[in-house]
Amino acid sequence: MEAPVDFIRAKILDDTASNRYGGRVCTRFPPEPNGYLHLGHAKSICLNFGVAKEFAGQCNLRFDDTNPTKEEIEYVDAIREDVRWLGGDWQDREYYASDYFERLYAYAEQLIQMGRAYVDDLSADEIREYRGTLTSPGRESPYRNRGVEENLDMFRRMRAGEFPDGARVLRAKIDMAAPNLVMRDPTLYRIRHAAHHRTGDMWCIYPLYDYTHCLSDSLEGVTHSLCTLEFANNRELYDWVLATLGVYRPQQIEFARLNVTYTVLSKRKLIQLVESGYVSGWDDPRMPTLCGLRRRGVPPQALREFCRRVGLARVNSTVEYAMLEFCIREYLNEHALRFMVVLDPVKVVIENYPGNLVEELDMPLHPKNPARASRKVPFSRELYIERDDFRLEPPKKFHRLVVGAEVRLRYAYLVTCREAVTDASGAVRELRCVYDPQSRGGVSPDGRKVKGTIHWVCAGRAVPAVARLYEQLFVSETPEDVPESKTFLNNLNPGSVRAVQALLEPALSDMAVEGECVQFERLGYFCKDRDSTHALPVFNRTVTLRDTWAKLEKKGE
RNA sequence: UGGGAUGUAGCCAAGGGGUAAGGCAACGGGUUUUGAUUCCGUCAUCCGAAGGUUCAAAUCCUUCCAUCCCAGCCA
């Protein structure tokens, strides 16, 4: 599959052709370890690692850990795992902005020496007030023109811990009348007496994003610093810092962040769902987090394909969830092993089949891929089929089992139903059938057409599966205090994943490893959950069969 | 009322003076031992709007309209 040439790849192509950066390509994926990675990050991961690979370059994993009050080691571990799972390979280049604190500090002193940075005693509120508004220029701080020596002294005392949180900040001296608010003397350092997950109590001043990110990129020799659109305003400052310091200058390129319908991709909202207990955790299968998707059985290949298909542009856009589902189905259809399962059984007795015989029939594990092994399934006089696969009064175009009609038991035999035994209430108890011994394997011996093919299990030998069918998989409670949660909880699965939750524990543990999906034919794809107590279904359209039946029957009536 | 960015189908998205790629969705049909898959077909007289330049404009120019981002000591 040829990589589409989006505007970013075009730019890199250009830069390598003109030998800018010596033809080198280096990107980075720079998450802040303050939450779990989600679908939105997948786009960035695929982009950064993908581009690096395509151009024989490198992609670093860098934790943007400059805000100790929000970051935790739990998150860095989870992020590392998720990136690796998605296929990102940073080799030994695992970096932390906090590793650069000492050098960043030295650069700050250099800015002070150059007269391009100053310590400001104004409070946060005053700074905001002095900044001006979108349409009116700001005012200069009374501390703006402190001498170099005083600034240096103040800054060192900030580092030494002489001042409480918020007492002073280090600011760049740029232009309080700049039309771009980012350039109105941005804050570079703030005082934060807080323990950092890596540097502990070594520091009580921490650099801010705008100051840290560009220098980290520079220090690492990044060539193309890819970030989302909302940072476009910050690019001017990114360039200013590096130019003023006269250091190596990567270039920042922005692209539109990913939005997906029926879900939320905002760390703030996701964390709210977790903390308020509306979901069981970050890896709740309803979550759009990478770990949630993984637990749900979404293969990383599908996510990569999704990111590829979504494309890259500079327009804010919202991709339909259906696109994601398509990518998942596409991969699963190709790779998932097939099994038969009966959720709501009704007994079938093959009257002309010997009562003491059990045959071992071949069932391929994948119909389109004969290279896959097949397995033996037992077949005997008494079987179970899905209750729904038989109708006393069939709608039009129903071509499964009906009294007097012939259907194929998949990979087994052609059978004809002679009689439906019902109980006093009219419910079907048992189906009396006869089979055609010539049709072993399900082939029609004389070429006669048999439209219906249904699934079955051997009554005596089947793995007993406790199964339940739910119209809706998940409880749709609507948290009032979580914005957009209605959409979130109602649609994460639903409208979309209207599915089946089956307690298929024994069957599934027999067939799948955790995280792997198998297809229960005509039911959809199921994934064995980590505790193996239930199977996690299914991706909407994988249940298309159900949709299709419903549609056809509706039409028929 | 400042600055930055963006407008191509229901949703993504190519195309940057020569007469609108592709995918998802939708719809119609063929094949099929999963009513799945697969295959084939249909789906923008038109590119935010209005003017202008040109033999020729989605592409160039002008004006207008709409949407998003920026006033954290978050990233």
Side-chain angles (χ1 to χ4, degrees), chain A residues 4-6 30-32 34 64-67 69-70 120 122-124 127-129 131-138 165-171 177-184 186-192 205-206 208-210 212-213 227-236 254 256 261 267 308-327 329-330 333-334 338 340 363-364 367-368 397-400 407-412 414 439 441-444 450-455 519-524 541-549 551-552:
Chain A
V5 178
D6 47 72
E32 183 189 13
N34 67 345
D64 232 335
D65 53 350
T66 56
N67 187 352
T69 58
K70 286 191 178 173
D120 197 344
L122 253 29
S123 70
I127 286 182
R128 178 165 42 249
E129 207 183 307
R131 184 154 25 231
T133 69
L134 295 177
T135 51
S136 62
D165 287 5
R168 280 169 238 267
V169 292
L170 183 73
R171 292 229 258 166
N180 182 356
L181 303 218
V182 171
M183 300 301 279
R184 320 246 257 229
T187 303
L188 269 23
Y189 272 88
R190 80 286 223 184
I191 300 173
R192 201 83 111 205
I205 56 172
Y206 292 93
L208 275 90
Y209 167 86
D210 281 314
T212 308
H213 203 89
C227 64
T228 46
L229 243 29
E230 64 269 27
F231 289 101
N233 292 315
N234 304 249
R235 188 178 60 235
E236 196 178 350
E254 308 89 16
T261 56
K267 245 184 225 175
R308 196 188 68 81
R309 281 179 190 256
V310 155
L312 268 185
R314 292 177 60 83
V315 226
N316 284 305
S317 58
T318 302
V319 175
E320 287 178 350
Y321 197 81
M323 182 97 90
L324 209 212
E325 290 178 318
F326 173 84
C327 296
R329 274 182 285 126
E330 181 184 52
N333 177 49
E334 187 70 28
R338 313 294 145 117
M340 294 195 286
M363 178 189 164
K368 293 271 172 60
K397 290 189 179 175
F398 182 84
H399 44 249
R400 283 166 279 154
V407 296
R408 172 183 296 108
L409 294 177
R410 189 155 209 224
Y411 301 125
L414 266 27
S439 63
V443 296
S444 146
V450 179
K451 274 189 203 157
T453 299
I454 65 178
H455 296 74
Q519 188 194 69
F520 288 129
E521 294 185 272
R522 301 177 71 204
L523 266 187
R541 294 323 216 173
T542 59
V543 231
T544 338
L545 287 168
R546 301 182 65 79
D547 294 351
T548 310
W549 304 335
K551 211 193 293 179
L552 287 176

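Numbered from 1 within each chain, the chains take letters A, B, ... in sequence-line order. What you see is a predicted model; the values in this text were computed from it and never measured.
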Check the distance between B:G4's C1' and A:Glu230's CD and give it to me in whole angstrom. 13 Å
Quickly work out the A:Leu181 CG to B:C74 C1' distance and round it to whole Å. 16 Å
Can you tell me whether the side chain of A:Glu236 and the base of B:G4 have a donor-acceptor pair closer than 3.5 Å? no
Any base atoms under 4.0 Å from A:Pro30, or only sugar-phosphate, or nothing? Heavy atoms, all strands. nothing
Syn/anti state for B:G28 [syn: chi within 90° of 0]: anti
Quick one: which of B:G4, B:C73, B:C12 gets closest to the side chain of A:Thr187? B:C73
With heavy atoms under 4.0 Å as the rule, sort A:Lys451 into base, sugar-phosphate or nothing. nothing
B:G51 and B:A56, which share atom name P, separated by this distance in whole Å: 16 Å
Nearest to the A:Ile127 side chain among B:A5, B:A75, B:C73, which nucleotide is it? B:C73
When the P atoms of B:A36 and B:G30 are compared, how many Å lie between them, rounded to an integer? 13 Å
A:Ala124 near the nucleic acid: base, sugar-phosphate alone, or nothing, with a heavy-atom cut-off under 4.0 Å? base
Select base, sugar-phosphate, or nothing to describe what A:Val169 touches, counting heavy atoms under 4.0 Å on all strands. base
When you get a sec, tell me which of B:U1, B:C12, B:A75 is the closest nucleotide to the side chain of A:Thr135? B:U1
Figure out the CZ/P separation between A:Arg184 and B:C73, and round it to whole Å. 13 Å
Between B:C70 and B:C27, how many Å separate the two C1' atoms, rounded to a whole number? 45 Å
Tell me if a side-chain donor or acceptor on A:Asn233 pairs with a main-chain N or O of A:Asn180 at a distance below 3.5 Å. no
Which of these nucleotides, B:C24, B:C74, B:G35, is closest to any side-chain atom of A:Phe398? B:G35
Would you measure the distance from the C1' atom in B:A9 across to the matching atom in B:A14 and give it in whole Å? 14 Å
Any side-chain N or O of A:Thr133 less than 4.0 Å from the OP1 or OP2 oxygen of B:G2? no
Determine the contact category for A:Tyr206: base if any of its heavy atoms lies under 4.0 Å from a base atom, sugar-phosphate if only primed atoms, P, OP1 or OP2 are that close, otherwise nothing. nothing
Nearest-0.5 Å distance that lies between atom CG in A:Leu409 and atom CE in A:Met340: 8.5 Å
Tell me which nucleotide among B:G4, B:C12, B:C74 gets nearest to the side chain of A:Ala232. B:G4
Are any of A:Arg309's side-chain N or O atoms less than 4.0 Å away from OP1 or OP2 of B:G23? no
Name the nucleic acid region contacted by A:Leu134, choosing base, sugar-phosphate or nothing; use a 4.0 angstrom heavy-atom cut-off, strictly under. base
Checking contacts here: which listed nucleotide (B:U6, B:A75, B:C70) is nearest the side-chain heavy atoms of A:Tyr209? B:A75
If the cut-off is 4.0 Å, is A:Arg131 near the phosphate of B:C73, judged by side-chain N/O to OP1 or OP2? yes
Write down the distance separating the P atoms in B:U1 and B:A50, rounded off to the nearest Å. 23 Å
Does any non-hydrogen side-chain atom of A:Arg309 lie less than 4.5 Å from one of A:Glu330? yes
Contact under 4.0 Å: A:Arg190 side-chain N or O vs B:C74 OP1/OP2: yes
Please state whether the phosphate of B:A25, meaning OP1 or OP2, lies under 4.0 angstrom from any side-chain nitrogen or oxygen of A:Arg329. yes
So what does A:Leu208 touch, heavy atoms closer than 4.0 Å: a base, only the sugar-phosphate, or nothing? sugar-phosphate
Tell me what A:Asp165 touches on the nucleic acid: a base, only sugar-phosphate, or nothing, going by heavy atoms under 4.0 Å. nothing
Quick one: label A:Thr318 by what it contacts on the DNA or RNA (base, sugar-phosphate, nothing), any heavy atom closer than 4.0 Å. sugar-phosphate
Look at A:Arg192 and B:C74 and indicate whether a side-chain polar atom (N or O) is within less than 4.0 Å of OP1 or OP2. yes
Side-chain donor or acceptor of A:Asn180 under 3.5 Å from a matching atom on the base of B:G2? no
Name the nucleic acid region contacted by A:Tyr411, choosing base, sugar-phosphate or nothing; use a 4.0 angstrom heavy-atom cut-off, strictly under. base
Distance, P atom - from B:C46 to B:G17, rounded to whole angstrom: 23 Å
Pairwise P distance for B:A21 and B:G16, with rounding to whole Å: 13 Å
Of all the nucleotides listed (B:G72, B:G35, B:C70), which has the minimum atom distance to the side chain of A:Val182? B:C70
Rounding to the closest angstrom, what is the interatomic distance between B:U67 and B:C61 at atom C1'? 24 Å
Please determine, for the side chain of A:Val315, which listed nucleotide (B:A25, B:C69, B:G7) has the closest atom? B:G7
Heavy-atom nearest nucleotide on RNA chain B for A:Pro367 versus A:Met323: which residue maps closer to 5'? A:Met323
What's A:Leu312 touching, base or sugar-phosphate or nothing? Going by heavy atoms closer than 4.0 Å. sugar-phosphate
Whole-Å distance, A:Met183 CE to B:G2 C1', equals 16 Å
With a 4.0 Å limit, can you tell me whether A:Ser123 has a side-chain N or O closer than that to the phosphate oxygens OP1/OP2 of B:C73? no
In terms of base orientation, is B:G16 syn or anti, with the syn window spanning 90° either side of 0? syn
Which one, B:C12, B:G10, B:G3, comes nearest to the side chain of A:Glu320? B:G10
State the dot-bracket string of RNA chain B. Criteria: Watson-Crick or G-U wobble, both atom distances under 3.5 angstrom; notation: ( ) intrastrand, [ ] crossing earlier pairs, | interstrand, . unpaired. .(((((((.[[[..)..(...]]].(((((.......))))).....[[[[[..)....]]]]])))))).....
Report which part of the nucleic acid A:Val450 touches: base, sugar-phosphate, or nothing (heavy-atom distance under 4.0 Å, all strands). nothing
Under 4.0 Å between any heavy atoms, over every strand shown, what does A:Leu170 touch: base, sugar-phosphate, or nothing? Just pick one. nothing
Check the distance between B:C68's P and A:Leu229's CG and give it to me in whole angstrom. 13 Å
